[in-house]
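So the structure is just underneath, and the comments pick up after that.
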Amino acid sequence: MWSLLLCIGIAGAAAAAPPAQPVPAAQATPLRFGILPTGGPAESRQDWQALLDDLAKALNRPVESVSVSTYEGMHQAIAAGRVDVAFLSGKLALDSVLNNNMQVSVRLTRLDGTPGYRSVLIARRSGPIRNLATLLAAPGRWRYARSEPLSVSGYLVPEAQLFARRDLSSDLFFKSVTINNHQNNALAVANGEVDVASNNDADLERFAVRFPRQHAQLRVLWQSDLIPHAVLVVSRSLPVETRAAVRRFLIDYGRGGDAVRERRNLLKIHELSGFEAADNRALLPFEEIEYILEMQQAHSARWIDENAKRARLERLRAEHDRIERQLTR
């Protein structure tokens with residue numbers, strides 16, 4: 001009898017129990033947002049923080065930044081599955097899509113309406129390098145500062161469009177080569193610590209605001225063809241609904257009822273006007289840049305015989321075709 005009453009009591013208590021409440025935002029699993037360090041990691045994180053705060057409110061979920069000091073650090077964080085959404089340059093985005101289960105979600109759009117940006121080489125205005133001809137006429141003389149191999153404007157584009165086209169390698173052409181981010185490389189040129197550095201026109205605009213005195217000491221020696229803007233990628237391991245919510249938030253940001261405040265937040269991030277929908281096809285130009293560089297390097301390399309060279313070129317073409325198919329399917 002007591003057992004029967006106890007079971008009835010438990011059943012009644014269960015029936016009377018209130019429905020489960022949704023998990024408060026503070027207790028939800030954070031969305032991890034990777035930020036590429038175009039300047040120092042602290043400055044990059046600060047630039048994005050207001051937008052990330054708004055994203056957290058929109059998703060009712062905490063958003064934490066994953067800020068690293070190098071491109072390679074971001075590459076490792078993505079490969080280890082420590083990043084859900086990330087702002088990346090083209091080469092790093094390409095590697096993430098091809099090898100780390102990411103997909104392109106949106107592309108950045110700038111306030112000036114330009115469809116891209118340009119890689120540049122800079123020197124000190126009062127220094128001995130007056131123009132590109134002066135630079136190229138003295139192999140082994142100059143100290144060079146560039147970005148990591150994963151940087152499009154800081155390595156891939158100047159290597160492909162400037163050096164490899166002349167059968168040169170920057171690692172062999174210069175007296176010394178140091179590797180750092182765009183901001184620190186520009187400071188190194190202005191302070192006379194190196195003679196020339198790679199950079200890009202968009203980051204130089206930001207540099208001019210933060211370091212006007214040092215920017216006034218710089219001279220642009222060379223600029224590249226137009227490079228498409230960077231993208232944001234999301235992990236395919238996120239639920240489809242979460243990926244869609246992040247994309248919708250970014251596309252709508254700066255265009256709704258709170259547009260004035262949101263646009264101020266966007267201006268802190270590379271003078272952005274907002275984001276536009278994109279997919280993996282946005283990475284095709286970056287694959288083309290890498291392919292061109294690899295082909296140029298293969299043509300200028302020393303080979304045992306012509307058959308070995310031909311085999312290398314055929315492998316590069318086949319891999320290029322495979323990647324293009326993967327990006328467009």
Side-chain angles (χ1 to χ4, degrees), residues 70-72 89-92 94-95 116-125 127-182 184-190 192-204 218-228 285-306 308-317 319-320:
T70 65
Y71 283 56
E72 180 59 31
S89 67
K91 167 59 177 169
L92 191 46
L94 181 64
D95 286 354
Y117 62 107
R118 297 180 189 275
S119 174
V120 298
L121 250 61
I122 55 175
R124 187 177 172 88
R125 186 174 294 276
I129 305 177
R130 312 302 295 174
N131 50 44
L132 186 60
T134 306
L135 172 74
L136 296 175
R141 177 179 176 182
W142 315 114
R143 299 163 298 170
Y144 182 45
R146 64 166 173 84
S147 298
E148 302 166 73
L150 288 168
S151 171
V152 174
S153 64
Y155 176 74
L156 282 175
V157 168
E159 203 68 22
Q161 295 186 11
L162 176 59
F163 296 111
R165 284 180 181 175
R166 294 168 170 82
D167 291 333
L168 300 173
S169 164
S170 64
D171 287 330
L172 300 176
F173 178 81
F174 290 99
K175 177 182 179 180
S176 64
V177 178
T178 58
I179 300 173
N180 213 316
N181 61 50
H182 293 315
N184 289 344
N185 286 341
L187 286 171
V189 173
E193 297 166 4
V194 297
D195 301 302
V196 61
S198 61
N199 215 290
N200 67 65
D201 55 1
D203 281 327
L204 281 183
L218 302 179
R219 174 199 309 278
V220 173
L221 303 174
W222 169 87
Q223 68 175 15
S224 73
D225 299 336
L226 203 64
I227 306 167
F286 302 105
E287 161 58 19
E288 188 69 19
I289 290 169
E290 188 168 16
Y291 172 62
I292 289 171
L293 175 58
E294 289 177 334
M295 291 292 283
Q296 289 171 334
Q297 291 173 336
H299 276 291
S300 61
R302 295 180 179 178
W303 295 96
I304 297 175
D305 56 39
E306 192 62 26
K309 177 180 179 179
R310 187 181 305 111
R312 171 60 174 162
L313 295 176
E314 289 174 356
R315 286 196 300 271
L316 288 175
R317 292 189 191 99
E319 180 67 3
H320 176 59

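Keep in mind the model is a prediction, meaning the values are calculated, not measured.
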Shortest non-hydrogen contact between Val196 and Val189, atoms and distance: C-CG2, 4.0 Å
Test side-chain hydrogen bond (donor to acceptor under 3.5 Å, both in side chains) applied to Asn200 and Ser153, Ser224, Ser147, Ser151, the passing residue: Ser153
ring-ring contact (aromatic ring centres under 6.0 Å, His included) against Phe173, all qualifying residues, sequence neighbours excluded: none
Gln223 to Val120 - nearest heavy-atom pair and separation: CB-CG1, 3.9 Å
Please table the atom pairs, donor to acceptor, closer than 3.5 Å between any side-chain atom in residues 137-146 and protein atoms at least two apart or in another chain.
residue	atom	partner	partner atom	Å
Trp142	NE1	Leu135	O	3.1
Arg143	NE	Asp195	OD2	3.2
Arg143	NH1	Glu193	O	3.1
Arg143	NH2	Gly192	O	3.2
Arg143	NH2	Asp195	OD1	3.1
Arg146	NH2	Asp171	OD1	3.2

From CA spacing to verdict: side chain to side chain contact (heavy atoms under 4.5 Å, CB included), Asn185, Val194: CA-CA 8 Å; Asn185 286 341; Val194 297; over 6 Å; no
Nearest heavy atoms of Gln296 and Ala164, plus distance in Å: OE1-CB, 3.2 Å
Closest approach of Ser170 to Tyr155 (non-hydrogen atoms, all atoms of both residues): OG-CE1, 4.5 Å
Any donor-acceptor pair under 3.5 Å from Arg312 side chain to Ala308 backbone: no
Where Ser198 and Gly154 come nearest, the two heavy atoms and their spacing: OG-O, 2.7 Å
Smallest separation among heavy atoms of Trp222 and Pro158, with atom names: CH2-CA, 3.8 Å
Side-chain (Arg125) to main-chain (Arg219) donor-acceptor, under 3.5 angstrom: no
Single hit among Arg315, Glu287, Glu294 for side-chain hydrogen bond (donor to acceptor under 3.5 Å, both in side chains) with His320: Glu287
Candidate list Leu226, Val152, Val157, Asp201, test side-chain contact (heavy atoms from CB on, under 4.5 Å), partner Ser119, passing option: Val157
Trace of the side chain to side chain contact (heavy atoms under 4.5 Å, CB included) decision for Gln161 with Ile292: CA-CA 9 Å; Gln161 295 186 11; Ile292 289 171; over 6 Å; no
Main-chain N/O of Glu72 paired to Glu148 side chain as donor or acceptor, under 3.5 Å: yes
